[in-house]
Amino acid sequence: MTATSETPTNATAATALHTPVIAWFDANARDLPWRRPEAGAWGVMVSEFMLQQTPVSRVLPVYEQWMRRWPRPVDLAADAPGEAVRAWGRLGYPRRALRLHGAAVAMTDRHGGGVPSDHAQLLALPGVGEYTAAAVASFAYGQRHPVLDTNVRRVFARTVTGVQYPPNATTAAERRIARALLPDEEARAARWAAASMELGALVCTAKSPDCGACPVSGQCAWRLAGKPAHDGPPRRGQTYAGTDRQVRGKLLAVLREADEPVPQAALDAVWHEPVQRARALDGLVADGLVEPLEDGRYRLPAA
DNA sequence: CATACGTGGCT
DNA sequence: TAGCCAAGTAT
């Protein structure tokens, strides 16, 4: 090794990672509907919205129904946003449904009804952040972008940095690693993005990684260090029981099931504490997830 | 940068 | 059982 190639992310080390991971992916990739050619860029985008913080198993049935009902962005854009919220079902974080509808409207207005391939244009769509823009550009259009999701961040934390878990929020250091490890060739970069993500999802999992099945266990910094346990502050803290989120969920569930606008009393029945209940309902209205009518009833947004 | 934002399965 | 965790985004 010369003095110019001593960083852990030089071209040689990167290639040593890419080749086995991509080969592993070739043999082990799941046959997911949004990976099939017929999914198209819209299918990729729909799946990315649904998969934000949500497991694949729960997304699958909703994705299939969604694509059958709204096969193109213009189809969704022509329907009421409340229908998107209803079809979202119990996936959670229903604002994603509203944003996906908003993205469909924006694509209809600004992009001729198609999913843009330009990263900046993707990023400008509602609900599309750093990760989703890169994912759609990479998976749907084969472009070269660092795709840093929770799976990839964990793979890098272990193989490159040598720690059990990545930081709570994505750091500049992680982006540097992702950028440095990105293959030069476009198609290979896109393959690498999908492969490294899949490795994190299936093998290098958060709780009990299957190092015996890992194609790069021999060069994994964390494993070579003896798998030291995570040190530092607790990783998360997603409270739920008794929170406004739980109340919002109950209120929205009533509205999703209803064919007609719902009277106040039906919403009051879902939670005993009136102050929190009112705050939750106000929040849903403010978020555009619920529409108050002049007669005092409520419904999912019609427009 | 911390926090709000759903839901359900698994250990 | 009480957390922990799941392809994040917006503020």
Side-chain angles (χ1 to χ4, degrees), chain A residues 25 29-30 32-35 39 43-63 85 88-100 102-103 122-140 145-155 164-172 174 178 190 193-202 204-209 230 233-256 270 276 279-280 282-284 286-290:
Chain A
F25 186 60
R30 289 168 292 179
L32 299 170
W34 44 85
R35 286 179 177 163
V44 171
M45 176 175 279
V46 169
S47 74
E48 290 304 336
F49 270 76
M50 292 183 173
L51 288 163
Q52 290 168 8
Q53 300 284 281
T54 307
V56 166
S57 60
R58 293 193 18 231
V59 165
L60 283 169
V62 183
Y63 172 86
V85 174
W88 200 255
R90 307 191 64 80
L91 279 186
Y93 293 146
R95 290 193 290 200
R96 292 181 291 166
L98 222 45
R99 290 174 181 150
L100 182 52
L122 286 164
L123 199 53
L125 297 170
V128 177
E130 179 182 354
Y131 162 75
T132 302
V136 172
S138 180
F139 302 156
H145 295 281
V147 178
L148 257 189
D149 80 320
T150 189
N151 292 303
V152 175
R153 293 180 61 221
R154 189 173 52 248
V155 168
Q164 186 177 22
Y165 296 120
N168 279 320
T170 304
T171 62
E174 290 181 277
S196 54
M197 195 177 305
E198 189 80 335
L199 184 67
L202 298 184
C204 193
T205 57
K207 270 301 197 53
S208 49
H230 173 78
R235 305 200 50 234
R236 258 167 210 147
Q238 293 184 90
T239 52
Y240 181 65
T243 62
D244 287 5
R245 272 152 85 175
Q246 184 181 22
V247 184
R248 287 167 57 108
K250 287 179 177 296
L251 291 169
L252 210 53
V254 171
L255 293 164
R256 273 198 314 264
V270 309
Q276 187 179 28
R279 186 173 63 231
D282 287 349
L284 288 170
D287 290 347
L289 283 163
V290 172

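Within every chain, numbering begins at 1; the chains are lettered A, B, ... in the order of the sequence lines, protein sequences first and strands thereafter.
- Contacts of A/Gly92 with the nucleic acid, taken as non-hydrogen atoms under 4.0 Å apart, include base atoms.
- When rounded to the nearest whole Å, the span between CG of A/Leu100 and C1' of B/dC5 equals 17 Å.
- If you measure from atom CG of A/Leu51 to atom P of C/dG8, you get 8 Å, rounded to the nearest angstrom.
- Remark: the separation of the C1' atoms in C/dA7 and B/dA2 is 23 Å, to the nearest Å.
- As rounded to whole Å, 13 Å separates atom P of C/dA7 from atom CG of A/Leu60.
- Candidate nucleotides C/dA6, B/dC5, C/dA7 were compared by shortest atom distance to the side chain of A/Tyr93, and B/dC5 ranks first.
- When the nearest nucleotides of DNA chain C are assigned to A/Gly200 and A/Pro126 by heavy-atom distance, the more 5′-ward of the two goes with A/Gly200.
- Residue A/Ala206 places its side chain closer to C/dC5 than to any other of B/dG6, C/dC5, B/dC5.
- When the nucleotides C/dA6, B/dT7, C/dT9 are ranked by their closest atom to the side chain of A/Arg90, B/dT7 comes out on top.
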Under-3.5 Å N/O pairs linking protein and nucleotides 9-11 of chain B:
none

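- Between A/Thr132 and A/Leu122, the closest side-chain pair of non-hydrogen atoms is not below 4.5 Å.
- Side-chain contact check for A/Arg256 versus A/Arg90: some heavy-atom pair is nearer than 4.5 Å.
- OP1 or OP2 of C/dC5 has at least one side-chain nitrogen or oxygen of A/Tyr165 nearer than 4.0 Å.
- Between the side chains of A/Glu48 and A/Tyr131, at least one donor N or O sits under 3.5 Å from an acceptor N or O.
- Here A/Val128 lies in heavy-atom contact (under 4.0 Å) with sugar-phosphate atoms only.
- Nucleotide B/dG6 holds its P atom 10 Å from the CG atom of A/Asp244, rounded to whole Å.
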>> For a side-chain contact (heavy atoms from CB on, under 4.5 Å) check, start with the C-alpha distance between A/Leu32 and A/Tyr63, then their side-chain angles and the critical distance, and finish with the verdict.
In response: CA-CA 11 Å; A/Leu32 299 170; A/Tyr63 172 86; over 6 Å; no
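- Mapped onto DNA chain B by nearest heavy atom, A/Asp287 and A/Pro55 fall at different nucleotides, with A/Asp287 at the one closer to the 5' end.
- Using a 4.0 Å heavy-atom distance criterion, A/Leu91 is classed as a base contact.
- Between C/dA2 and B/dC5, the distance separating the two P atoms is 23 Å to the nearest Å.
- At a threshold of 4.5 Å between non-hydrogen side-chain atoms, the residues A/Leu251 and A/Leu284 count as touching.
- As rounded to the nearest Å, B/dG8 and C/dT9 have P atoms that lie 23 Å from one another.
- At whole-Å resolution of the value, CH2 in A/Trp88 and P in C/dG8 are 12 Å apart.
- The separation between A/Glu48 atom CD and C/dA7 atom C1' is 5 Å, rounded to whole Å.
- Phosphate proximity of C/dA7 to A/Gln52: absent, as no side-chain N or O sits under 4.0 Å from OP1 or OP2.
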>> Under the criterion side-chain contact (heavy atoms from CB on, under 4.5 Å), I'd like the reasoning laid out for A/Arg35 against A/Glu198: C-alpha separation, chi angles, the key distance, then a yes or no.
In response: CA-CA 12 Å; A/Arg35 286 179 177 163; A/Glu198 189 80 335; 2.8 Å; yes
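- In the set C/dT9, C/dA7, B/dG6, the nucleotide with an atom closest to the side chain of A/Arg96 is B/dG6.
- Listed nucleotides B/dG6, C/dG8, C/dA10 differ in distance to A/Arg99; the shortest reach to its side chain belongs to C/dA10.
- Put simply, CG on A/Leu289 is 7 Å from P on B/dG6, counting in whole angstrom units.
- When distances run from any side-chain atom of A/Arg245 to the nucleotides C/dA7, B/dG6, C/dG8, the shortest one goes to B/dG6.
- Rounded to whole Å, the distance from CG on A/Leu32 to C1' on C/dA6 is 14 Å.
- If you check distances only, the side chain of A/Thr150 never reaches the base of C/dG8 with a donor-acceptor pair under 3.5 Å.
- Judged purely by atom type and a 3.5 angstrom limit, A/Arg154 uses its side chain to pair as donor or acceptor with the backbone of A/Cys204.
- When the side-chain nitrogen and oxygen atoms of A/Thr205 are compared with OP1 and OP2 of C/dC5, none of them lie within a distance under 4.0 Å.
- Checking C/dA6, B/dG6, B/dT7 against every side-chain atom of A/Arg256, the shortest atom distance belongs to B/dT7.
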>> For a side-chain contact (heavy atoms from CB on, under 4.5 Å) check, start with the C-alpha distance between A/Val56 and A/Leu51, then their side-chain angles and the critical distance, and finish with the verdict.
In response: CA-CA 7 Å; A/Val56 166; A/Leu51 288 163; 3.8 Å; yes
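- Where A/Gly127 and A/Arg154 each meet DNA chain C at their nearest nucleotide, the meeting point lying more 5' is that of A/Arg154.
- A 4.5 Å side-chain heavy-atom check between A/Arg245 and A/Tyr93 finds at least one atom pair inside the cut-off.
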